[in-house]
Amino acid sequence: MFANSLSGRFLWLVVIFVMVAEVLIFGPSVARYRADYLEARLERSQIASLALLASDGSIAGELAAELLDNAGVFNVVLRRDEVRELVLASPLPGPVDASYDLRDANLLGLTRDALQEMARSEPRIIRIIGNPVQRGGLLIEITLDTAQLQRELWEYSARILALSLAISVFTALLLYLSVRIFVVAPMSRVIRSMSDYAEAPQDATRIITPQSNIAELRQAEDALQKLQNDLTGLLRQKERLAQLGGSVARISHDLRNMLTTASMLADRIEMSEDPSVKRAAPKLVGSLSRAINLCESTLAFGKAEEPPPRLERLRLAPLVEDVIESEKLATDTTATITFVTDVSPTLHLRADSEQLFRVLGNLVRNARQALEATRKPGVIELTATETVDEGQSGVAIRIGDSGPGLPPKARDHLFEAFQGGVRKGGVGLGLAIAAELVRGHGGRLELVRSDGDGTEFRIWLPENT
């Protein structure tokens with residue numbers, strides 16, 4: 001589990017990256033160590049040779065051997081005053097295998113020579129050429145055995161490896177703790193909040209409160225908080241709708257009985273000869289009709305879904321005439337509303353006549369009520385034409401009025417249930433139901449315009465042959 005966690009992987013990556021960095025500097029480090037080792041041997045050999053020269057060659061052979069052994073070399077050659085002189089010498093245990101000139105050596109060459117020296121399994125005899133220090137001559141050459149050099153190179157490499165591991169582990173632990181504190185801990189809090197919220201998404205107290213000081217995590221927390229707030233609101237709205245549907249189902253029977261009784265009483269009241277009663281009776285009947293329409297709309301929307309349309313080929317003109325006649329009968333006698341239709345008698349389409357009647361009736365009724373509210377003369381226009389929309393043939397139906405237009409709040413939530421109500425006392429179901437019925441036909445209901453000159457809706461239905 002630790003290896004698959006973010007912290008564990010981060011720890012391993014840090015260790016690996018530090019080791020890779022150490023490998024990249026390992027070659028130059030070993031090359032520098034080898035060069036320092038050989039330069040130290042050159043310096044010791046120069047001191048030994050200068051001691052011999054200062055004694056005018058009177059140093060005994062045993063002391064000369066001791067000087068060579070202390071310098072760690074077999075032979076020392078000095079070039080002074082253009083004269084090449086073998087100053088100190090001892091028998092070589094074998095032939096000279098290679099020569100290296102440190103005077104013009106570069107980093108790449110030194111690195112290559114050091115790695116090759118470490119790769120050899122057996123020691124050998126090599127010649128080293130360099131510049132004497134403190135103007136001790138023009139050139140100095142030494143021969144030496146590489147056994148000690150190889151041993152010290154491996155010991156130095158082991159020290160570098162141990163130091164690299166220590167540095168990588170220490171760095172990784174520091175970074176691991178930093179990641180745990182500044183990244184993993186805030187992320188774990190977000191994950192716990194998500195899990196806690198998932199157990200009860202309707203509980204607003206479980207919504208995350210942004211606390212992180214890291215910009216990216218704070219953005220994630222803000223986005224999560226907004227998502228949880230929106231989801232909680234939607235779930236509450238869904239719960240309210242479900243409760244509303246259950247309540248409507250329980251009271252529908254009693255409400256229907258009460259409305260039936262009221263309708264019978266209204267019919268009897270209309271037969272009264274009392275002038276005041278005659279004036280009040282139409283208003284009573286209108287109120288009852290509006291109550292019945294409201295109940296029907298609520299019950300229709302409360303269903304799980306609208307039934308699929310029963311498509312049949314029909315002429316649109318007679319259907320439009322039925323809608324207009326129904327609205328003319330319901331029009332307030334004090335309002336002057338002109339209905340204008342332009343639908344070809346030969347225009348056919350495939351649709352569910354009952355559902356299409358509901359859609360057109362809802363849109364025309366909304367237009368009529370908007371004009372009646374202004375108490376001014378107005379026009380309602382309904383036209384239909386065959387058209388091609390996005391490469392598909394169909395019928396476009398336009399319903400427009402010369403009313404005052406829709407308020408901004410209604411336009412923002414026009415096709416949302418219980419959100420797009422415009423008329424006082426309206427519940428905002430009509431357009432939501434109409435849009436759902438049009439979508440069931442594979443079409444679209446959209447608002448074309450709504451301003452001071454009026455409102456226009458467009459219905460597009462595909463040609464289903």
Side-chain angles (χ1 to χ4, degrees), residues 23 25-163:
V23 168
I25 65 174
F26 172 76
S29 298
V30 172
R32 186 70 266 171
Y33 184 86
R34 173 179 175 273
D36 292 341
Y37 177 91
L38 297 178
E39 288 174 357
R41 292 297 182 273
L42 288 174
E43 185 175 352
R44 291 180 186 180
S45 301
Q46 181 181 348
I47 294 173
S49 62
L50 291 177
L52 179 63
L53 293 175
S55 64
D56 296 328
S58 60
I59 295 179
E62 293 182 0
L63 183 57
E66 184 177 351
L67 290 174
L68 288 173
D69 184 63
N70 183 63
V73 298
F74 295 117
N75 293 325
V76 179
V77 177
L78 278 179
R79 179 179 294 176
R80 296 167 58 87
D81 301 327
E82 299 299 331
V83 177
R84 187 173 182 275
E85 180 180 0
L86 179 61
V87 180
L88 292 171
S90 64
L92 295 177
V96 176
D97 187 72
S99 297
Y100 298 98
D101 192 341
L102 300 182
R103 294 175 297 177
D104 300 322
N106 53 50
L107 180 60
L108 181 61
L110 291 174
T111 302
R112 181 190 64 246
D113 295 339
L115 296 178
Q116 289 178 350
E117 195 66 52
M118 293 181 63
R120 294 183 181 277
S121 58
E122 299 293 336
R124 56 182 181 148
I125 306 299
I126 59 174
R127 177 183 291 109
I128 305 299
I129 303 172
N131 291 318
V133 297
Q134 299 295 330
R135 299 180 180 180
L138 299 178
L139 179 144
I140 183 171
E141 296 181 12
I142 60 174
T143 55
L144 54 87
D145 190 348
T146 61
Q148 184 176 356
L149 174 61
Q150 292 177 351
R151 183 170 58 254
E152 292 195 15
L153 285 176
W154 278 108
E155 291 176 355
Y156 178 74
S157 301
R159 292 195 298 270
I160 289 182
L161 177 60
L163 181 61

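Along the sequence shown, the residues carry numbers beginning at 1.
Between L42 and G130, the shortest heavy-atom distance links the atoms CD1-CA, 3.9 Å. Closest approach of R127 and V96 over heavy atoms only: N-CG1, 3.9 Å. Closest heavy-atom contact between A114 and L153: O-CD1, 4.2 Å. Here the closest heavy-atom approach between residue S157 and residue M118 is recorded as OG-CE, 3.1 Å. Contact record, P123 with D145: CB-OD1, 3.5 Å, taken as the closest heavy-atom pair. For the pair G94 and I125, the tightest heavy-atom approach, listed with the atom from each and the gap, is O-CG1, 4.1 Å.
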Checklist entry - Which is it for L163 and R159 under the side-chain contact (heavy atoms from CB on, under 4.5 Å) test, yes or no, and what are the steps along the way? => result CA-CA 6 Å; L163 181 61; R159 292 195 298 270; over 6 Å; no
Next on the checklist: One pair to check against side-chain contact (heavy atoms from CB on, under 4.5 Å): L144 and L38. What are the steps and the verdict?
Outcome noted: CA-CA 10 Å; L144 54 87; L38 297 178; 4.2 Å; yes
Checklist entry - Should F26 and L115 be marked as a side-chain contact (heavy atoms from CB on, under 4.5 Å) after you check the CA-CA gap, both sets of side-chain angles, and the distance that decides it? => result CA-CA 10 Å; F26 172 76; L115 296 178; 4.1 Å; yes
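Atom CG of L107 is separated from atom CZ of R112 by 11.0 Å, given to the nearest 0.5 angstrom. In this structure, CZ in R103 is found 5.0 Å from CG in L139, a value given to the nearest 0.5 Å. Atom CG of L161 is separated from atom CH2 of W154 by 10.5 Å, given to the nearest 0.5 angstrom. Between the CD atom of E39 and the CG atom of N131 there is a distance of 9.5 Å, given to the nearest 0.5 Å. Atoms CG and CZ, from L149 and R120 in turn, are 11.5 Å apart once rounded to the nearest 0.5 Å. Summarising the geometry, atom CZ belonging to R41 is positioned 13.0 Å from atom CD1 belonging to I140; distances are rounded to the nearest 0.5 Å.
Taking a 6.0 Å sphere around CD of E122, one finds it holds 12 or fewer heavy atoms contributed by other residues, nucleotides or ligands.
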Could you go through residues 67-76 and list every donor-acceptor pair under 3.5 Å that involves a side-chain atom there, pairing it with any protein atom two or more places apart or in another chain?
unit_1	atom_1	unit_2	atom_2	d
N75	OD1	S90	N	2.9

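Residues Y156 and R34 fail the side-chain proximity criterion, which asks for heavy atoms closer than 4.5 Å.
Applying the side chain to side chain donor-acceptor pair (under 3.5 Å) test to D36 and every residue at least two apart in sequence or in another chain returns R32. Applying the salt bridge (charged side-chain N to carboxylate O under 4.0 Å, His left out) rule to E117 yields the partners R124; only residues at least two apart in sequence or on another chain are considered.
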